[in-house]
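Note sheet for the following structure.
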Amino acid sequence: MDPTRFIEGIDRQLARRKVELSNLSIMVSEQNPDPHRLSCIARSAVVLAYAHWEGFVKRGSSAYVEYISSAGLKVADLKFPFQAAYVLSTFKRASGSVKTRYLGELLQEIDTRRAEVFVVSADKCIDTESNISSSVFKEIVQGIGLDVLPFYETRSVFIDQRIVLARNQVAHGELVSFDAADVRDRIDGVRLLIDTYADQLKDAASANAYLRI
């Protein structure tokens with residue numbers, strides 16, 4: 001399975017987002033701006049920076065699942081998070097029973113289904129909840145069989161406080177303000193995060209990291 005098209009799709013999506021983020025950074029860096037205009041641009045940029053964070057994590061992760069679903073692989077050949085997503089409905093049907101008969105039937109059905117070809121919708125593996133906080137992001141990464149990189153751990157506070165919280169404050173009508181340097185820092189942080197995640201997704205596709213070893 002050639003990952004070229006997947007990688008090209010990730011690169012196209014990433015490029016479009018980074019162009020808009022760069023434009024936002026330029027806009028808030030305008031020399032001697034009207035303070036009221038700058039405040040409006042800065043507050044808008046904070047919301048858009050979050051939007052690109054959530055948008056790329058959601059679409060990039062979904063594209064990865066769709067790429068794997070298109071490969072014609074057996075469920076049993078994939079990492080356990082994908083196997084779990086495939087048999088999720090089976091678990092849900094049996095979740096209320098503790099009788100060994102039903103549990104036995106559940107195990108038999110799961111074992112049978114592991115021989116089937118893996119095809120699932122991305123939402124079986126990915127739950128963005130209300131906002132993509134650092135904890136939600138880690139769940140998404142692990143839910144598609146990838147490792148939580150040390151870099152993500154070091155950026156947890158940045159994600160929660162400077163991306164998610166700030167976005168919610170503006171979106172919920174709080175009259176918070178941000179200066180140009182602060183906004184550029186947030187934009188640069190988002191660019192670095194989505195760049196890193198894009199590289200991880202592309203590397204995983206190229207290295208067949210979704211396969212069970």
Side-chain angles (χ1 to χ4, degrees), residues 3 6-7 9-22 24-25 44-69 78-86 88 120-172 176 178 182-211:
F6 167 75
I7 291 172
I10 291 291
D11 284 340
R12 283 195 300 271
Q13 183 185 163
L14 185 65
R16 290 183 62 186
R17 296 184 185 280
K18 289 174 68 176
V19 165
E20 183 160 293
L21 289 168
S22 294
L24 288 169
S25 188
S44 300
V46 166
V47 175
L48 281 170
Y50 171 81
H52 284 302
W53 161 245
E54 177 175 312
F56 184 77
V57 170
K58 185 174 182 178
R59 283 306 311 142
S61 303
S62 296
Y64 184 64
V65 175
E66 291 162 5
Y67 166 70
I68 297 166
S69 287
L78 297 172
K79 285 185 173 178
F80 287 125
F82 295 110
Q83 295 190 38
Y86 189 78
L88 184 61
V120 300
S121 60
D123 59 10
K124 290 282 185 69
C125 302
I126 300 162
D127 183 3
T128 59
E129 300 185 27
S130 56
N131 294 127
I132 299 189
S133 63
S134 62
S135 59
V136 171
F137 176 56
K138 291 171 190 174
E139 288 289 338
I140 291 171
V141 171
Q142 293 173 318
I144 58 174
L146 301 179
D147 294 329
V148 175
L149 303 178
F151 174 72
Y152 302 149
E153 298 285 3
T154 65
R155 301 302 282 173
S156 292
V157 173
F158 177 87
I159 293 169
D160 293 336
Q161 298 296 320
R162 296 180 62 75
I163 301 180
V164 177
L165 176 61
R167 173 265 177 195
N168 288 343
Q169 287 175 317
V170 177
H172 295 161
V176 293
F178 311 91
D182 184 28
V183 173
R184 288 197 302 271
D185 179 71
R186 295 168 196 261
I187 290 171
D188 289 345
V190 168
R191 275 195 297 224
L192 185 55
L193 279 164
I194 62 177
D195 261 336
T196 303
Y197 191 45
D199 286 343
Q200 186 179 20
L201 290 170
K202 292 186 290 185
D203 289 345
S206 297
N208 300 331
Y210 43 83
L211 294 176

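In what follows, residues are counted from 1 in the order of the sequence shown. Just the heavy atoms: all of them, side chains too, but no hydrogens, waters or symmetry mates, feed the values below.
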Got more than 12 heavy atoms from elsewhere within 6.0 Å of NZ, Lys58?
-> no
Using a 4.5 Å cut-off on heavy atoms from C-beta on, say whether the side chain of Val148 contacts that of Phe137.
-> no
Expected output: side-chain Ser133 to main-chain Asp160 donor-acceptor under 3.5 Å | no
Which value, rounded to the nearest 0.5 Å, describes the distance between Phe82 atom CZ and Leu211 atom CG?
-> 9.5 Å
In Å, rounded to the nearest 0.5 Å, how long is the span from CD of Gln169 to CZ of Phe178?
-> 6.0 Å
Return yes if some donor-acceptor pair links the side-chain N/O of Thr154 with the main-chain N/O of Phe151 below 3.5 Å, else return no.
-> yes
Interatomic distance, Asp188 atom CG to Leu21 atom CG [nearest 0.5 angstrom] | 9.5 Å
Can you tell me how far the CD atom of Glu20 sits from the NE2 atom of His52, to the nearest 0.5 Å?
-> 3.5 Å
Heavy atoms of Ile10 and Ala198 approach each other most closely as CG2-CB, 3.9 Å
pair Arg12-Arg17: side-chain heavy atoms closer than 4.5 Å | no
So, Tyr210 versus Asn208: side-chain donor-acceptor pair below 3.5 Å or not?
-> yes
Given side chains that start at C-beta, do those of Asp185 and Arg162 come closer than 4.5 Å, heavy atoms only?
-> yes
Do Ser156 side-chain atoms and Glu153 backbone N/O form a donor-acceptor pair below 3.5 Å?
-> yes
So, does Lys79 use its side chain to make a donor-acceptor pair with the main chain of Ala209 at under 3.5 Å?
-> yes
Hey, could you give me the CG/CD1 distance between Leu165 and Ile159, rounded to the nearest 0.5 Å?
-> 13.5 Å
Kindly indicate whether the side chain of Leu193, heavy atoms from C-beta on, has any atom under 4.5 Å from the side chain of Ile163.
-> yes
Is there a donor-acceptor pair closer than 3.5 Å between any side-chain N or O of Tyr50 and the backbone N or O of Ile132?
-> yes
Between Val120 and Tyr86, what is the shortest heavy-atom contact and its length?
-> CG1-CD1, 3.6 Å
Look at atom CD of Glu139 and say whether more than 12 heavy atoms of other residues, nucleotides or ligands are closer to it than 6.0 Å.
-> no
Which atom names give the shortest non-hydrogen contact between Val190 and Ala49, and what distance separates them?
-> CG1-O, 3.6 Å
Measure the shortest side-chain to side-chain distance between Tyr197 and Val141 over non-hydrogen atoms and say whether it is less than 4.5 angstrom.
-> yes
Ionic contact status for Asp182 with Arg186, cut-off 4.0 Å = yes
Does the Glu54 side chain pair with the main chain of Asn131, one donor and one acceptor, at a distance under 3.5 Å?
-> no
Under 30°, 30 to 60°, or over 60°: which ring-plane class applies to Phe6 and Tyr64, parallel, tilted or perpendicular?
-> tilted
Answer with yes or no whether the side chains of Ser22 and Arg191 bring together a donor and an acceptor at under 3.5 Å.
-> yes
Minimum-distance pair of heavy atoms, taken over all atoms of Ser25 and Ile187 | N-CD1, 3.7 Å
OH/Tyr152 to CZ/Phe158 distance, rounded to the nearest 0.5 angstrom?
-> 14.0 Å
Flag side-chain contact, heavy atom, 4.5 Å: Ile126 against Ser62 = yes
Donor-acceptor under 3.5 Å (Gln200 side chain, Asp147 main chain) = yes
In short, Ile144 meets Cys125 closest at the heavy-atom pair CG2-CB, 4.2 Å
Shortest non-hydrogen contact between Gly143 and Pro81, atoms and distance = O-CB, 3.5 Å
Show your working on side-chain contact (heavy atoms from CB on, under 4.5 Å) between Asp195 and Lys18 and close with a plain yes or no.
-> CA-CA 9 Å; Asp195 261 336; Lys18 289 174 68 176; 3.1 Å; yes
